[in-house]
Amino acid sequence: MKSFTTRSLNIAFPKKDPHNALAMPIYESVAFEFASAEDIAANFRGELPAHTYSRTSNPTVEYFETKVKTITGAHQVLALSSGMAAISATILAVCKQGDNIISGKNLFGHTLALFEQSLSAYGIDTRFVDTTNPELIEPLIDKNTRAIYFETVTNPQLEIADISRLAEIANRHNILLIADSTVTPPSVFSSKSLGVHIEVMSATKFISGGATSFGGLIIDNGLYDWNKNPNCLKLTEKFGKDAFIARLRKNYYRNMGMPMTAHTANYMISGLDILELRVERCYQNCMKLGEYFRQNPKVTRVDYPGLKDSPYYDLALKQFGGVPGSVMTFDLKSEEECFRFMNRLQIIRRATNLNDNKSLIIHPYSTIYTEFSENDRREMGIRPSMMRLSVGIEGSEDLIADMEQALDE
Ligand SMILES: *Cc1c(COP(=O)(O)O)cnc(C)c1O
(Lines give C-alpha, C1' and ligand atoms only; values in the text may rest on other atoms or scores of the structure.)
Protein backbone atom coordinates (compact mmCIF):
# COMPACT_ATOMS: atom_id res chain seq x y z
CA MET A 1 0.00 0.00 0.00
CA LYS A 2 1.22 3.53 -0.80
CA SER A 3 2.27 5.75 2.12
CA PHE A 4 -0.25 7.73 4.16
CA THR A 5 0.93 11.02 2.66
CA THR A 6 0.94 9.78 -0.94
CA ARG A 7 -2.58 8.51 -0.51
CA SER A 8 -3.78 11.71 1.17
CA LEU A 9 -2.38 13.84 -1.67
CA ASN A 10 -4.02 11.75 -4.38
CA ILE A 11 -7.66 11.33 -3.44
CA ALA A 12 -9.98 12.25 -6.30
CA PHE A 13 -12.64 14.94 -5.89
CA PRO A 14 -16.20 13.54 -5.67
CA LYS A 15 -16.92 15.55 -8.87
CA LYS A 16 -14.51 16.82 -11.51
CA ASP A 17 -13.67 20.50 -10.99
CA PRO A 18 -14.78 22.63 -13.99
CA HIS A 19 -11.46 24.54 -13.92
CA ASN A 20 -9.27 21.49 -13.17
CA ALA A 21 -8.24 23.06 -9.85
CA LEU A 22 -5.60 20.99 -8.05
CA ALA A 23 -6.73 22.13 -4.61
CA MET A 24 -10.34 21.60 -3.59
CA PRO A 25 -12.09 25.01 -3.82
CA ILE A 26 -13.75 26.43 -0.69
CA TYR A 27 -17.46 26.23 -1.47
CA GLU A 28 -18.56 28.82 1.07
CA SER A 29 -22.20 28.81 -0.05
CA VAL A 30 -25.19 28.17 2.16
CA ALA A 31 -27.53 26.87 -0.55
CA PHE A 32 -27.24 25.07 -3.90
CA GLU A 33 -29.45 25.59 -6.92
CA PHE A 34 -31.49 23.03 -8.88
CA ALA A 35 -32.20 23.10 -12.61
CA SER A 36 -35.92 22.38 -12.26
CA ALA A 37 -38.79 22.03 -9.79
CA GLU A 38 -38.83 18.31 -10.64
CA ASP A 39 -35.14 17.97 -9.69
CA ILE A 40 -35.51 19.66 -6.32
CA ALA A 41 -38.57 17.51 -5.59
CA ALA A 42 -36.61 14.39 -6.54
CA ASN A 43 -33.78 15.52 -4.25
CA PHE A 44 -36.13 15.92 -1.30
CA ARG A 45 -37.56 12.45 -1.96
CA GLY A 46 -33.98 11.12 -1.69
CA GLU A 47 -33.88 10.13 -5.38
CA LEU A 48 -31.42 12.75 -6.66
CA PRO A 49 -28.36 13.08 -4.39
CA ALA A 50 -27.00 16.65 -4.40
CA HIS A 51 -25.93 19.29 -1.91
CA THR A 52 -28.90 21.47 -0.95
CA TYR A 53 -28.02 23.38 2.23
CA SER A 54 -24.59 23.45 3.90
CA ARG A 55 -25.86 22.60 7.39
CA THR A 56 -26.67 19.16 5.94
CA SER A 57 -23.76 18.73 3.51
CA ASN A 58 -21.21 20.82 1.60
CA PRO A 59 -18.80 19.95 -1.26
CA THR A 60 -15.58 21.06 0.52
CA VAL A 61 -16.59 19.30 3.73
CA GLU A 62 -17.58 16.23 1.71
CA TYR A 63 -14.10 16.14 0.16
CA PHE A 64 -12.51 16.22 3.62
CA GLU A 65 -14.82 13.36 4.69
CA THR A 66 -13.93 11.44 1.52
CA LYS A 67 -10.21 11.84 2.24
CA VAL A 68 -10.56 10.53 5.79
CA LYS A 69 -12.78 7.69 4.61
CA THR A 70 -10.35 6.61 1.88
CA ILE A 71 -7.26 6.86 4.08
CA THR A 72 -8.78 4.96 7.01
CA GLY A 73 -10.72 2.42 4.95
CA ALA A 74 -13.82 3.39 6.94
CA HIS A 75 -17.37 2.72 5.81
CA GLN A 76 -18.64 6.30 6.41
CA VAL A 77 -17.21 9.52 7.80
CA LEU A 78 -18.97 12.63 9.10
CA ALA A 79 -17.15 15.94 9.80
CA LEU A 80 -18.61 18.20 12.48
CA SER A 81 -18.08 21.60 14.10
CA SER A 82 -15.89 20.33 16.98
CA GLY A 83 -14.66 17.24 18.76
CA MET A 84 -17.37 17.71 21.39
CA ALA A 85 -20.00 17.82 18.62
CA ALA A 86 -18.68 14.48 17.34
CA ILE A 87 -18.82 12.89 20.79
CA SER A 88 -22.22 14.25 21.82
CA ALA A 89 -23.87 13.46 18.46
CA THR A 90 -22.50 9.90 18.57
CA ILE A 91 -23.85 9.14 22.04
CA LEU A 92 -27.22 10.78 21.29
CA ALA A 93 -27.56 8.72 18.11
CA VAL A 94 -27.06 5.39 19.85
CA CYS A 95 -28.74 6.02 23.24
CA LYS A 96 -32.13 7.11 24.45
CA GLN A 97 -33.52 7.89 27.92
CA GLY A 98 -32.92 4.90 30.20
CA ASP A 99 -29.87 3.66 28.29
CA ASN A 100 -26.34 3.67 29.65
CA ILE A 101 -22.77 3.61 28.44
CA ILE A 102 -19.63 2.32 30.13
CA SER A 103 -16.70 4.69 29.97
CA GLY A 104 -13.08 4.87 30.92
CA LYS A 105 -12.72 6.96 34.08
CA ASN A 106 -9.88 9.19 32.89
CA LEU A 107 -11.44 11.38 30.22
CA PHE A 108 -10.94 14.70 28.50
CA GLY A 109 -12.57 17.20 30.93
CA HIS A 110 -15.44 18.32 28.72
CA THR A 111 -16.28 14.73 27.76
CA LEU A 112 -16.52 13.96 31.47
CA ALA A 113 -18.80 16.99 31.91
CA LEU A 114 -20.91 15.90 28.91
CA PHE A 115 -21.39 12.44 30.42
CA GLU A 116 -21.87 13.51 34.05
CA GLN A 117 -23.91 16.67 33.52
CA SER A 118 -25.39 17.09 30.04
CA LEU A 119 -26.39 13.54 29.08
CA SER A 120 -27.45 12.46 32.57
CA ALA A 121 -30.05 15.26 32.51
CA TYR A 122 -31.71 13.40 29.60
CA GLY A 123 -31.59 10.03 31.33
CA ILE A 124 -28.45 8.67 29.67
CA ASP A 125 -26.19 7.29 32.40
CA THR A 126 -22.46 6.68 32.38
CA ARG A 127 -20.82 3.92 34.41
CA PHE A 128 -17.14 4.72 34.91
CA VAL A 129 -14.49 2.03 35.03
CA ASP A 130 -10.76 1.55 34.65
CA THR A 131 -10.60 0.35 31.01
CA THR A 132 -6.99 -0.81 31.46
CA ASN A 133 -8.53 -3.52 33.65
CA PRO A 134 -11.11 -5.13 31.28
CA GLU A 135 -12.30 -7.70 33.86
CA LEU A 136 -14.09 -4.84 35.61
CA ILE A 137 -16.22 -4.04 32.55
CA GLU A 138 -18.46 -7.06 32.07
CA PRO A 139 -20.19 -6.91 35.47
CA LEU A 140 -21.37 -3.37 34.60
CA ILE A 141 -23.10 -4.37 31.35
CA ASP A 142 -26.89 -4.79 31.44
CA LYS A 143 -29.69 -4.92 28.85
CA ASN A 144 -29.69 -1.11 28.53
CA THR A 145 -25.95 -0.78 27.93
CA ARG A 146 -25.28 0.51 24.41
CA ALA A 147 -21.56 1.18 24.28
CA ILE A 148 -18.10 1.03 25.81
CA TYR A 149 -16.32 4.37 25.41
CA PHE A 150 -12.59 5.01 25.93
CA GLU A 151 -9.71 7.29 24.90
CA THR A 152 -6.78 5.67 23.08
CA VAL A 153 -4.21 7.37 25.34
CA THR A 154 -5.65 9.09 28.42
CA ASN A 155 -4.24 12.45 29.31
CA PRO A 156 -2.45 13.45 31.43
CA GLN A 157 -2.27 9.91 32.91
CA LEU A 158 -1.03 8.48 29.57
CA GLU A 159 -2.68 5.10 30.16
CA ILE A 160 -3.43 2.74 27.27
CA ALA A 161 -6.17 0.09 27.23
CA ASP A 162 -5.87 -3.17 25.30
CA ILE A 163 -8.26 -2.36 22.45
CA SER A 164 -8.66 -5.91 21.09
CA ARG A 165 -9.84 -7.06 24.51
CA LEU A 166 -12.35 -4.20 24.72
CA ALA A 167 -13.61 -5.14 21.23
CA GLU A 168 -14.00 -8.77 22.33
CA ILE A 169 -16.17 -7.72 25.29
CA ALA A 170 -18.26 -5.30 23.21
CA ASN A 171 -18.85 -7.94 20.53
CA ARG A 172 -19.79 -10.61 23.07
CA HIS A 173 -22.58 -8.32 24.32
CA ASN A 174 -23.55 -6.88 20.91
CA ILE A 175 -22.74 -3.36 22.11
CA LEU A 176 -20.62 -0.68 20.44
CA LEU A 177 -16.96 0.03 21.07
CA ILE A 178 -16.36 3.78 20.66
CA ALA A 179 -12.80 5.17 20.73
CA ASP A 180 -11.76 8.81 21.09
CA SER A 181 -8.53 8.72 19.09
CA THR A 182 -7.73 12.45 19.20
CA VAL A 183 -4.16 11.99 20.46
CA THR A 184 -3.33 9.07 18.12
CA PRO A 185 -4.23 10.33 14.64
CA PRO A 186 -4.92 8.07 11.63
CA SER A 187 -1.28 8.13 10.42
CA VAL A 188 -0.32 5.97 13.43
CA PHE A 189 -3.58 4.30 14.44
CA SER A 190 -6.04 2.10 12.54
CA SER A 191 -9.12 1.76 14.74
CA LYS A 192 -10.70 -0.57 12.18
CA SER A 193 -7.93 -3.16 12.34
CA LEU A 194 -8.34 -3.39 16.13
CA GLY A 195 -12.12 -3.87 16.00
CA VAL A 196 -13.31 -0.42 17.09
CA HIS A 197 -16.83 0.15 15.74
CA ILE A 198 -16.97 3.95 15.95
CA GLU A 199 -14.01 6.31 16.17
CA VAL A 200 -14.54 9.91 17.28
CA MET A 201 -11.86 12.54 17.16
CA SER A 202 -11.20 16.21 17.77
CA ALA A 203 -9.73 17.32 14.42
CA THR A 204 -8.95 20.59 16.21
CA LYS A 205 -5.83 18.97 17.60
CA PHE A 206 -3.49 17.07 15.26
CA ILE A 207 -5.44 17.28 11.99
CA SER A 208 -6.10 21.04 11.79
CA GLY A 209 -2.38 21.51 11.23
CA GLY A 210 -1.46 24.06 13.85
CA ALA A 211 -4.54 24.85 15.95
CA THR A 212 -6.17 26.90 13.21
CA SER A 213 -9.79 25.83 13.61
CA PHE A 214 -12.30 23.62 15.41
CA GLY A 215 -13.49 20.34 13.96
CA GLY A 216 -14.62 16.85 14.83
CA LEU A 217 -14.86 13.52 13.03
CA ILE A 218 -17.13 10.52 13.41
CA ILE A 219 -15.79 7.43 11.67
CA ASP A 220 -18.03 4.39 11.21
CA ASN A 221 -15.74 1.45 10.45
CA GLY A 222 -18.65 -0.62 9.12
CA LEU A 223 -17.99 -3.43 11.63
CA TYR A 224 -21.23 -3.15 13.62
CA ASP A 225 -24.61 -4.66 12.76
CA TRP A 226 -26.98 -1.74 13.41
CA ASN A 227 -29.87 -4.15 13.93
CA LYS A 228 -28.32 -4.73 17.35
CA ASN A 229 -28.80 -1.13 18.48
CA PRO A 230 -32.49 -0.47 19.27
CA ASN A 231 -32.09 3.25 18.49
CA CYS A 232 -30.76 2.66 14.97
CA LEU A 233 -32.82 -0.45 14.26
CA LYS A 234 -35.68 1.34 12.49
CA LEU A 235 -33.27 2.89 9.99
CA THR A 236 -31.56 -0.35 8.98
CA GLU A 237 -34.48 -1.35 6.76
CA LYS A 238 -34.07 1.71 4.54
CA PHE A 239 -30.37 2.51 5.02
CA GLY A 240 -28.78 -0.87 5.83
CA LYS A 241 -25.13 -0.44 6.82
CA ASP A 242 -25.59 3.35 6.70
CA ALA A 243 -28.20 3.38 9.50
CA PHE A 244 -25.97 5.18 12.02
CA ILE A 245 -24.75 7.90 9.65
CA ALA A 246 -28.31 8.33 8.32
CA ARG A 247 -29.54 8.79 11.91
CA LEU A 248 -26.86 11.44 12.42
CA ARG A 249 -27.36 13.26 9.11
CA LYS A 250 -31.14 13.26 9.30
CA ASN A 251 -31.38 13.98 13.00
CA TYR A 252 -28.71 15.11 15.45
CA TYR A 253 -26.11 16.56 13.09
CA ARG A 254 -28.69 18.45 11.05
CA ASN A 255 -31.27 19.31 13.71
CA MET A 256 -28.84 20.36 16.41
CA GLY A 257 -26.72 22.33 13.91
CA MET A 258 -23.28 20.78 14.14
CA PRO A 259 -21.78 21.20 10.64
CA MET A 260 -18.15 21.87 9.81
CA THR A 261 -17.78 24.99 7.62
CA ALA A 262 -16.14 24.92 4.18
CA HIS A 263 -13.33 27.21 5.36
CA THR A 264 -12.57 24.89 8.25
CA ALA A 265 -12.65 21.87 5.95
CA ASN A 266 -10.02 23.62 3.82
CA TYR A 267 -7.69 23.90 6.84
CA MET A 268 -8.39 20.27 7.71
CA ILE A 269 -7.61 19.09 4.17
CA SER A 270 -4.21 20.85 4.20
CA GLY A 271 -3.56 19.60 7.73
CA LEU A 272 -4.30 16.01 6.75
CA ASP A 273 -1.89 16.15 3.81
CA ILE A 274 1.05 16.97 6.11
CA LEU A 275 -0.19 15.03 9.17
CA GLU A 276 2.20 12.08 8.82
CA LEU A 277 5.23 14.42 8.62
CA ARG A 278 4.19 16.44 11.63
CA VAL A 279 3.37 13.42 13.79
CA GLU A 280 6.70 11.77 12.96
CA ARG A 281 8.60 14.97 13.86
CA CYS A 282 6.66 15.35 17.14
CA TYR A 283 7.46 11.73 18.01
CA GLN A 284 11.19 12.17 17.30
CA ASN A 285 11.14 15.27 19.53
CA CYS A 286 9.37 13.33 22.32
CA MET A 287 12.03 10.62 22.21
CA LYS A 288 14.88 13.16 22.33
CA LEU A 289 13.22 15.06 25.19
CA GLY A 290 12.69 11.74 26.98
CA GLU A 291 16.43 11.06 26.81
CA TYR A 292 17.21 14.59 27.96
CA PHE A 293 14.85 14.37 30.96
CA ARG A 294 16.29 11.00 31.95
CA GLN A 295 19.80 12.33 32.35
CA ASN A 296 18.78 15.54 34.13
CA PRO A 297 18.76 15.02 37.93
CA LYS A 298 16.28 17.88 38.45
CA VAL A 299 13.61 15.90 36.57
CA THR A 300 12.27 13.37 39.06
CA ARG A 301 9.92 11.49 36.73
CA VAL A 302 9.12 11.17 32.99
CA ASP A 303 6.10 9.49 31.41
CA TYR A 304 5.66 8.78 27.70
CA PRO A 305 4.38 5.43 26.40
CA GLY A 306 6.89 5.61 23.52
CA LEU A 307 9.73 5.09 26.02
CA LYS A 308 10.85 1.48 26.49
CA ASP A 309 10.42 1.46 30.27
CA SER A 310 6.82 2.72 30.16
CA PRO A 311 4.34 0.10 31.45
CA TYR A 312 2.33 0.79 28.26
CA TYR A 313 5.24 0.49 25.80
CA ASP A 314 4.15 -2.91 24.43
CA LEU A 315 0.56 -1.80 23.86
CA ALA A 316 1.79 1.45 22.27
CA LEU A 317 3.94 -0.63 19.93
CA LYS A 318 1.12 -3.01 19.02
CA GLN A 319 -1.67 -0.44 18.64
CA PHE A 320 0.09 2.74 17.46
CA GLY A 321 3.27 1.42 15.83
CA GLY A 322 5.21 2.72 18.85
CA VAL A 323 4.04 6.31 18.25
CA PRO A 324 1.53 7.01 21.06
CA GLY A 325 0.97 10.67 20.13
CA SER A 326 3.12 13.49 21.40
CA VAL A 327 1.88 14.27 24.88
CA MET A 328 4.32 13.55 27.69
CA THR A 329 4.49 14.44 31.36
CA PHE A 330 7.46 15.10 33.62
CA ASP A 331 7.94 16.05 37.25
CA LEU A 332 10.18 18.45 39.14
CA LYS A 333 10.59 18.45 42.94
CA SER A 334 7.59 20.67 43.75
CA GLU A 335 4.78 22.83 42.39
CA GLU A 336 6.92 25.92 43.05
CA GLU A 337 9.74 24.46 40.97
CA CYS A 338 7.27 23.77 38.13
CA PHE A 339 5.96 27.36 38.18
CA ARG A 340 9.45 28.82 38.26
CA PHE A 341 10.48 26.57 35.36
CA MET A 342 7.40 27.39 33.28
CA ASN A 343 7.85 31.13 33.78
CA ARG A 344 11.38 30.96 32.42
CA LEU A 345 10.51 29.13 29.19
CA GLN A 346 11.00 31.15 26.01
CA ILE A 347 10.11 28.78 23.16
CA ILE A 348 7.67 26.41 24.83
CA ARG A 349 4.33 28.18 25.33
CA ARG A 350 2.07 28.14 28.39
CA ALA A 351 -1.32 27.06 26.99
CA THR A 352 -3.99 24.40 27.45
CA ASN A 353 -4.26 22.95 23.94
CA LEU A 354 -2.76 19.71 22.54
CA ASN A 355 -0.99 18.79 19.31
CA ASP A 356 -0.41 22.29 18.02
CA ASN A 357 2.68 22.73 15.82
CA LYS A 358 4.07 24.69 18.78
CA SER A 359 5.13 22.94 21.98
CA LEU A 360 2.69 23.73 24.78
CA ILE A 361 3.10 23.26 28.51
CA ILE A 362 0.62 23.29 31.38
CA HIS A 363 0.56 22.45 35.09
CA PRO A 364 -2.65 20.33 35.22
CA TYR A 365 -2.93 20.31 39.04
CA SER A 366 -3.41 24.09 39.29
CA THR A 367 -5.39 24.56 36.07
CA ILE A 368 -7.49 21.85 34.36
CA TYR A 369 -8.06 20.01 37.68
CA THR A 370 -8.13 22.98 40.04
CA GLU A 371 -11.83 22.44 40.89
CA PHE A 372 -11.24 18.84 42.05
CA SER A 373 -10.48 18.05 45.70
CA GLU A 374 -6.95 17.13 46.64
CA ASN A 375 -8.07 13.55 47.17
CA ASP A 376 -9.77 13.33 43.75
CA ARG A 377 -6.68 14.75 42.09
CA ARG A 378 -4.50 12.17 43.83
CA GLU A 379 -6.82 9.36 42.68
CA MET A 380 -6.70 10.68 39.12
CA GLY A 381 -2.91 10.71 39.15
CA ILE A 382 -2.69 14.51 38.99
CA ARG A 383 0.45 15.35 40.98
CA PRO A 384 1.37 18.91 42.12
CA SER A 385 4.88 18.22 40.82
CA MET A 386 3.78 17.21 37.29
CA MET A 387 3.68 19.19 34.05
CA ARG A 388 2.08 18.15 30.77
CA LEU A 389 4.01 18.87 27.63
CA SER A 390 2.40 18.68 24.19
CA VAL A 391 5.46 18.37 21.99
CA GLY A 392 5.46 20.33 18.72
CA ILE A 393 7.56 20.37 15.56
CA GLU A 394 10.32 22.81 16.58
CA GLY A 395 13.93 21.64 16.35
CA SER A 396 14.65 19.24 19.23
CA GLU A 397 17.95 21.07 20.00
CA ASP A 398 15.98 24.29 20.48
CA LEU A 399 13.43 22.64 22.78
CA ILE A 400 16.20 21.07 24.86
CA ALA A 401 18.11 24.37 25.03
CA ASP A 402 14.92 26.09 26.26
CA MET A 403 14.46 23.41 28.95
CA GLU A 404 18.12 23.65 29.91
CA GLN A 405 18.08 27.44 30.45
CA ALA A 406 14.76 27.25 32.36
CA LEU A 407 16.05 24.50 34.67
CA ASP A 408 19.29 26.34 35.31
CA GLU A 409 19.81 27.81 38.78
C1 LIG B 1 -9.80 18.45 22.69
C2 LIG B 1 -10.36 17.11 22.89
C3 LIG B 1 -11.73 16.86 22.70
C4 LIG B 1 -12.71 17.97 22.33
O5 LIG B 1 -12.43 18.52 21.09
P6 LIG B 1 -12.89 20.01 20.65
O7 LIG B 1 -12.52 20.04 19.20
O8 LIG B 1 -12.13 20.97 21.50
O9 LIG B 1 -14.36 20.08 20.86
C10 LIG B 1 -12.20 15.59 22.88
N11 LIG B 1 -11.38 14.59 23.24
C12 LIG B 1 -10.06 14.77 23.44
C13 LIG B 1 -9.21 13.62 23.83
C14 LIG B 1 -9.50 16.04 23.29
O15 LIG B 1 -8.19 16.22 23.50
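We number each residue from 1, following the sequence as shown. Indexing begins at 1, ligand by ligand and atom by atom, following the structure's order.
Partner His363 forms a ring pair (Phe, Tyr, Trp, His ring centres under 6.0 Å) with one of Tyr369, Phe339, Phe341 and no other, that one being Phe339.
The existence of a salt bridge linking Glu337 and Lys298 is excluded, since no basic side-chain nitrogen approaches an acidic carboxylate oxygen closer than 4.0 Å.
For Tyr149 and Phe115, the distance between ring centers is under 6.0 angstrom.
Near ligand 1, heavy-atom contacts under 4.0 Å come from Ser82, Gly83, Met84, Ile87, Phe108, Asp180, Thr182, Ser202, Thr204, Lys205, Phe214, Gly215, Leu354.
Using a 30° and 60° split on the angle between ring planes, Phe32 and His51 fall in the tilted class, from 30° to 60°.
Between the side chain of Glu151 and the backbone N or O of Phe108 there is at least one donor-acceptor pair closer than 3.5 Å.
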Identify each donor-acceptor pair in which a side-chain atom of residues 18-27 lies under 3.5 Å from a protein atom, sequence neighbours left out, and give them as a table.
{"unit_1": "Asn20", "atom_1": "OD1", "unit_2": "Lys16", "atom_2": "NZ", "d": "2.5"}

